[in-house]
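Shown next, in structure tokens, is the structure this report addresses.
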Number of protein chains: 2
Amino acid sequence: MVDAEDLETLASAEPVSDDEADGRKRRGNATRESILQAAADLASVEGLEGLTIGRLATELGMSKSGLFAHFGSKEELQLATIAAARRRFVDHVVRPSRSLPRGRARLEALLEDWLRYFRAEVFPGGCFFCSVKAEFDSRPDNAVREIVTEDMRQFLAFLEREIAKAQEAGELDPSVEPAQLAFEFDALGSAANQQFQLMHDRTVFDRAATGMRARLGSA
Amino acid sequence: MVDAEDLETLASAEPVSDDEADGRKRRGNATRESILQAAADLASVEGLEGLTIGRLATELGMSKSGLFAHFGSKEELQLATIAAARRRFVDHVVRPSRSLPRGRARLEALLEDWLRYFRAEVFPGGCFFCSVKAEFDSRPDNAVREIVTEDMRQFLAFLEREIAKAQEAGELDPSVEPAQLAFEFDALGSAANQQFQLMHDRTVFDRAATGMRARLGSA
DNA sequence: CCTACCGATCGGTAGG
DNA sequence: CCTACCGATCGGTAGG
């Protein structure tokens with residue numbers, strides 16, 4: 001399903017086409033992207049259903065129908081907002097550690113970047129994907145639910161690959177199943193995000209980091 | 001803040017007054033409770049904002065204003081729904097293991113009951129409190145947010161006490177900080193609920209149980 | 001991108 | 001507990 005060497009789905013965005021001379025489309029894309037980044041901020045606080053076209057329009061100083069014209073429906077706006085949020089997530093969590101050689105140091109850097117992303121409130125309402133997953137997790141036959149589920153699967157698979165590479169490098173206990181460890185890392189990080197949003201107590205990040213360190217072990 | 005011997009806030013419900021002869025109030029309370037249990041089911045799927053008075057009324061075969069008359073406002077309905085959901089949570093998770101003597105066996109029973117509560121979908125949309133915490137975690141000055149935060153604190157404190165008692169009994173490694181262990185148990189259980197709701201894959205409960213067993217250790 | 005509008009639904013009220 | 005209603009807001013459309 002997910003190629004071991006391939007993070008393209010997680011890391012790719014719709015490419016900005018560059019083969020037309022006039023700046024109209026580019027400006028259009030820039031407008032669209034700024035709309036979607038504002039939408040992602042709003043949705044991380046209010047949810048993707050609470051993200052209403054009227055409210056977003058007011059916030060952007062646009063008319064409702066002017067904004068609506070960029071998308072065909074509320075669901076299209078929701079899906080485009082998820083794609084924009086994914087770009088921001090990749091920039092803050094997935095990409096930075098990719099320049100490091102594979103192995104334990106890179107895995108640790110990834111986990112640190114992930115906790116930093118929560119702590120810095122890269123989205124004003126905490127992790128966008130944590131919010132949306134909880135909001136849509138029990139709605140059957142919903143496109144939003146399906147795409148965030150696939151995103152979660154990919155993130156878990158991504159963690160798994162980094163864990164396996166650290167094991168292959170002999171820098172991590174090979175007796176631990178990568179999928180089990182990925183589950184536990186995801187649990188610790190997600191719980192820290194949730195509790196931080198509720199309690200505004202940054203010591204939860206120390207708890208998550210402590211838990212992760214214990215799972216990584218000393219060698 | 002929370003007395004070590006006291007689970008009253010977590011376990012108590014508004015007592016049903018019994019000192020009046022006529023059954024009107026009792027019937028009223030029964031009606032109210034059935035409304036609120038339906039409300040809790042609905043909210044676990046749609047969220048506490050998605051729980052609209054009109055929808056709940058339709059589901060119960062009542063008029064909107066007839067239902068509304070039981071509560072003064074939507075916020076009152078939300079708070080009463082939380083109290084009803086708390087009763088169900090206590091019945092399934094908190095209460096059963098309380099008949100066991102304090103110690104490791106009781107802690108393990110509690111964790112098993114908690115996972116069973118997720119697995120059995122005691123609420124149709126998964127854990128009511130997991131949903132509501134995520135929905136309200138980034139809304140400032142909100143009564144719902146404050147009460148579910150307090151409920152979470154109490155549940156964590158409850159886990160902590162059970163952990164400490166198992167340590168005092170010499171049945172659990174005393175070098176682990178109870179609050180750290182409670183954080184990790186909460187993380188593992190919450191992640192299992194979330195992933196089960198999204199993926200409908202019951203192996204996540206094995207992952208959570210495996211993680212918990214590893215944290216409990218062999219002695 | 002706008003104004004002007006649509007039917008449906010929201011939380012809530014009046015009056016019984 | 002009901003019918004009948006309120007103003008506000010929802011997603012969405014017509015027409016420019």
Side-chain angles (χ1 to χ4, degrees), chain A residues 20 22-40 42-43 45-82 84 132 135-136 139 141-145, chain B residues 20 22-40 42-43 45-82 84 132 135-136 139 141-145:
Chain A
E20 45 218 306
D22 69 316
R24 180 124 66 126
K25 187 135 184 199
R26 256 198 301 274
R27 258 185 289 115
N29 281 338
T31 300
R32 190 184 152 94
E33 183 66 15
S34 68
I35 289 172
L36 290 175
Q37 291 299 336
L42 221 169
V45 175
E46 309 282 349
L48 267 178
E49 289 295 353
L51 168 72
T52 67
I53 296 163
R55 238 192 107 165
L56 182 58
T58 303
E59 191 158 302
L60 291 164
M62 287 174 72
S63 72
K64 235 177 67 171
S65 64
L67 192 153
F68 190 83
H70 282 86
F71 315 94
S73 66
K74 172 145 189 190
E75 189 176 80
E76 282 306 312
L77 170 63
Q78 290 176 327
L79 295 176
T81 300
I82 291 169
V132 174
E135 187 180 4
F136 286 82
R139 302 195 189 184
D141 303 317
N142 179 287
V144 167
R145 175 212 149 87
Chain B
E20 45 218 304
D22 70 317
R24 181 122 67 124
K25 186 136 184 197
R26 255 199 301 273
R27 258 185 290 117
N29 281 338
T31 300
R32 190 185 152 94
E33 183 66 15
S34 67
I35 290 171
L36 291 175
Q37 292 298 337
L42 221 168
V45 175
E46 309 282 349
L48 268 177
E49 290 295 354
L51 169 71
T52 68
I53 295 161
R55 240 192 105 164
L56 182 58
T58 302
E59 192 158 301
L60 292 164
M62 289 175 69
S63 71
K64 235 177 67 171
S65 64
L67 191 153
F68 190 83
H70 282 85
F71 315 95
S73 66
K74 170 143 191 192
E75 188 175 81
E76 282 306 312
L77 170 62
Q78 290 176 326
L79 296 175
T81 300
I82 292 169
V132 174
E135 187 179 4
F136 286 82
R139 302 195 189 184
D141 303 318
N142 179 287
V144 166
R145 175 212 151 88

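Every chain is numbered from 1 and lettered A, B, ... according to where its sequence line falls, protein lines coming before strand lines.
- When every heavy atom of Leu42(B) is checked against every heavy atom of Glu59(B), the shortest pair comes out as CD1-OE1, 4.0 Å.
- At least one side-chain heavy atom of Leu48(A) sits under 4.5 Å from a side-chain heavy atom of Ile82(A).
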Protein N or O to nucleotides 10-14 of chain D N or O, pairs below 3.5 Å:
{"unit_1": "dC10(D)", "atom_1": "OP1", "unit_2": "Thr52(A)", "atom_2": "OG1", "d": "2.8"}
{"unit_1": "dG11(D)", "atom_1": "OP1", "unit_2": "Lys74(A)", "atom_2": "NZ", "d": "2.8"}
{"unit_1": "dG11(D)", "atom_1": "OP2", "unit_2": "Ile53(A)", "atom_2": "N", "d": "3.1"}
{"unit_1": "dG11(D)", "atom_1": "N7", "unit_2": "Lys64(A)", "atom_2": "NZ", "d": "3.0"}
{"unit_1": "dG11(D)", "atom_1": "O6", "unit_2": "Lys64(A)", "atom_2": "NZ", "d": "3.2"}
{"unit_1": "dG12(D)", "atom_1": "OP2", "unit_2": "Lys74(A)", "atom_2": "N", "d": "2.5"}

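- Within the 4.5 Å cutoff, the side chain of Arg32(A) has heavy atoms near those of the Phe71(A) side chain.
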Give the dot-bracket string for DNA chain C, reading 5' to 3', where a pair is Watson-Crick or G-U wobble with both distances under 3.5 Å, ( ) marks pairs inside the strand, [ ] marks pairs crossing earlier ones, | marks a partner on another strand, and . marks unpaired.
||||||||||||||||
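- Contacts of Gln78(A) classified as side chain to side chain donor-acceptor pair (under 3.5 Å), with partners at least two apart in sequence or in another chain: none.
- Residues Leu51(A) and Lys74(A) approach most closely at O-NZ, 3.1 Å, considering heavy atoms.
- For the salt bridge (Lys or Arg N to Asp or Glu O under 4.0 Å) test, residues two or more places apart in sequence or in another chain that qualify with Arg139(A) are Glu49(A).
- The side chain to side chain contact (heavy atoms under 4.5 Å, CB included) search around Ala84(B) returns Glu33(B), Leu36(B), Gln37(B), Arg87(B), not counting sequence neighbours.
- Residues satisfying the side chain to side chain contact (heavy atoms under 4.5 Å, CB included) criterion with Ser73(A), sequence neighbours excluded, are Glu75(A), Glu76(A).
- Here the C1' atom of nucleotide dT9(C) and the CG atom of Leu56(B) are 15 Å apart, to the nearest Å.
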